[in-house]
Amino acid sequence: MLRTFLPIVLAAGEGRRMKSVLPKMLHKIGGLPLICHVVRTIKSAGAEKIAVVVGSRAEAVTTAVKECAANTLIFHQKEQRGTAHAVLAARAALQNSADDILIAFGDTPLLAEKVLLKIQKVLADGADIVVTGFRINQPAGYGRLIEEKGRIIAIVEEKDASIDEKKITFCNGGLMAIKKHYLLSLLNAIRPNNSRREYYLTDIVKIATQRGLYVKALEVPMVNAVGINNCAELANAEIIWQRDKRQTMMLAGVVLQAPESVFFSYDTEIAADVVIEPHVFFGPGVKIAAGTTIRAFSHIEGASIGANAEIGPYARLRPDVDVHSNVKIGNFCEIKKAMIGSGTKINHLTYIGNTEIGTHVNIGAGTITCNYDGYNKQQTKIGDGAFIGSNTSLVAPISIGNHSYIASGSVITKNVLDDELAFGRARQVNKPGQTRVLHKKTTKNKVTL
């Protein structure tokens, strides 16, 4: 039986090397903040509660953490005095009844669930402390794991390492787990005897060894330990994450014609037998049912797409789009906040926004739903079997009835009933001064969205 554990995630660093106004923990991979990748992985390994230590721009980081894991304890490190000091900021969390404390870092988004499960097993097998490490031929920049007779006796930061210690290729992976009843005593024994005068969490290993505790190193793939310190490392982690996501998708039966050109988000859901052509981007919130084809150069976010649909090429689906089965959305179409009924065709050069479209509707090329009057968004409804001719402007709010027919080139400003044929072509009329009247009237009735 696996031991219970309480994770403490350190997310208080300023992230200066990112050179960004955005907190480092909120930079994204696969559309998800770094800290949320870590929290989600820890939850998947069985953690019931997670403690997160925040510092720089704490409010924004706290909000992001709460959105991805509501059952989270937040602690604030008011001064940046090192990693051991950060753990002590979560001292109150140690009242938890868990057997062990897992200490992780919020900027390690490629952390794997299987690594966490292995750590728990090593503790269950008798280790008092488990540290993770990886081997690399060029270890510059990493802390080193010092071994003696098969045990880890110390972790030395590179800036404090001797010439011989810098030759060691077994590097600190950052992740650490400790049997809870030893933790506070070990933390309280740490002193800032280093070049930065900080309280290093890694000093726990040497202190524990001096006290006769058993410290075990778990070797892990370097990719699972990689931390993000700058935008170049962020991009490299994105490459790795996308590669793994593509592999998962293809093994699940999704056809990627040019895998390296397709980009997914953390929550993308795609059924087997979906075909995705080259250069497609999926933002958060996309679900696609079986048999659908996503053609090249399409951008989709916040959309649900039914079975046997065809999207693109060069289609853009924005948030709150619900596409039913057997729908065709073609070249250079943009859809936003719309429901598209089954069997409907929107083939080319069309904008549909704030719209409900029924079944088996034909939307001609160049059609626009004029949903924004400069102040408010308005709704358009199009009934089943309607035919909207090319180059039509539907000025919302408006309702187009079932099986109605809109002549090409029309500007439709009044409701069209079932089975009616509507023409909306008119001679241009200019009315001087009416813009000011319209502005005054609309401002008075403005609704804030």
Side-chain angles (χ1 to χ4, degrees), residues 28-32 37 40-41 44 110 112-114 238-350 352 355-363 365 382 384-385:
K28 295 179 180 180
I29 287 177
L32 187 71
H37 278 279
R40 283 164 58 97
T41 299
S44 70
L110 304 180
E113 178 186 344
K114 62 183 179 182
E238 180 81 46
I239 290 170
I240 295 167
W241 188 91
Q242 291 291 344
R243 181 196 65 200
D244 292 346
K245 186 72 170 180
R246 292 164 190 147
Q247 184 75 0
T248 299
M249 287 288 185
M250 290 186 288
L251 292 177
V254 179
V255 178
L256 305 182
Q257 293 183 345
E260 69 285 352
S261 71
V262 177
F263 289 81
F264 296 105
S265 285
Y266 70 99
D267 60 349
T268 307
E269 296 181 20
I270 303 180
D273 294 318
V274 169
V275 176
I276 302 175
E277 294 184 353
H279 301 289
V280 174
F281 180 89
F282 295 101
V286 174
K287 297 182 179 180
I288 304 177
T292 287
T293 298
I294 309 297
R295 300 210 176 277
F297 295 98
S298 293
H299 188 290
I300 301 171
E301 57 182 320
S304 175
I305 301 173
N308 303 307
E310 183 178 340
I311 310 297
Y314 294 98
R316 184 182 181 195
L317 273 57
R318 293 168 58 192
D320 298 318
V321 169
D322 183 9
V323 177
H324 291 195
S325 61
N326 298 294
V327 166
K328 170 69 170 70
I329 297 175
N331 310 317
F332 302 103
C333 291
E334 181 177 352
I335 316 294
K336 171 250 178 190
K337 201 172 185 180
M339 188 281 288
I340 314 297
S342 61
T344 287
K345 296 181 179 180
I346 308 172
N347 278 317
H348 21 243
L349 301 165
T350 292
I352 301 293
T355 300
E356 293 182 12
I357 300 179
T359 62
H360 302 286
V361 173
N362 187 87
I363 306 291
I382 302 175
D384 297 341

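Just so you know, these numbers use all the heavy atoms, side chains as well, and skip hydrogens, waters and symmetry mates.
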Listed pairs under 3.5 Å, donor-acceptor, residues 320-335 side chains, sequence neighbours left out:
from: Asp322; atom 1: OD2; to: His324; atom 2: NE2; distance (Å): 3.4
from: Glu334; atom 1: OE2; to: Arg318; atom 2: NH1; distance (Å): 2.8

message: Strictly by salt bridge (Lys or Arg N to Asp or Glu O under 4.0 Å), give each pair with a member in residues 253-272 just once, sequence neighbours left out.
response: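 Salt bridge (Lys or Arg N to Asp or Glu O under 4.0 Å) check on residues 253-272 returns no pairs.
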
- prompt: Which residue pairs satisfy the salt bridge (Lys or Arg N to Asp or Glu O under 4.0 Å) criterion with at least one member in residues 297-311, sequence neighbours excluded?
  reply: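 Listed once each, the pairs are Arg295-Glu310, Glu301-Arg316.
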
State, with a plain yes or no, whether a side-chain heavy atom of [X] is found less than 4.5 Å away from one of [Y].
| X | Y | result |
| --- | --- | --- |
| Phe264 | Ile276 | yes |
| Asp244 | Leu110 | no |
| Val274 | Val255 | no |

Let me check something: any side-chain donor-acceptor pairs from residues 355-363 under 3.5 Å, sequence neighbours excluded? List them with distances.
from: Thr355; atom 1: OG1; to: Gly353; atom 2: O; distance (Å): 2.7
from: Thr359; atom 1: OG1; to: Asp384; atom 2: OD1; distance (Å): 3.4

Tell me the closest heavy-atom pair linking [X] and [Y], and the distance in Å.
| X | Y | result |
| --- | --- | --- |
| Ile305 | Ala309 | CG2-CB, 3.8 Å |
| Val262 | Glu277 | CG2-O, 3.8 Å |
| Thr41 | Glu113 | CG2-N, 3.5 Å |
| Ala252 | Ala272 | O-CB, 3.5 Å |

- request: List the steps, then state whether side chain to side chain contact (heavy atoms under 4.5 Å, CB included) holds for Tyr266 with Arg40.
  value: CA-CA 11 Å; Tyr266 70 99; Arg40 283 164 58 97; 3.8 Å; yes

- request: Calculate, to the nearest 0.5 Å, the distance between atoms CD1 and OG1 belonging to Ile352 and Thr344 respectively.
  value: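 That separation rounds to 10.0 Å.
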
message: Using 0.5 Å steps for rounding, measure from the CD1 atom of Ile340 to the OG atom of Ser304.
response: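 Spacing of CD1 (Ile340) from OG (Ser304) equals 12.0 Å.
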
task: Applying side chain to side chain donor-acceptor pair (under 3.5 Å), name anything that partners Ser261, two or more places apart in sequence or on another chain.
output: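 Per chain and number, Ser261 pairs via side chain to side chain donor-acceptor pair (under 3.5 Å) with no residue.
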
query: Would Thr293 and Ile311 satisfy side chain to side chain contact (heavy atoms under 4.5 Å, CB included), going step by step from the backbone distance to the final call?
result: CA-CA 6 Å; Thr293 298; Ile311 310 297; over 6 Å; no

What pairs of donor and acceptor atoms, side-chain ones from residues 278-289 against any protein atom, are under 3.5 angstrom apart with sequence neighbours left out?
none

message: Tell me if the OH atom of Tyr314 is crowded by more than 12 foreign heavy atoms within 6.0 Å.
response: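 No, OH of Tyr314 has 12 or fewer neighbouring heavy atoms, counting only those of other groups under 6.0 Å.
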
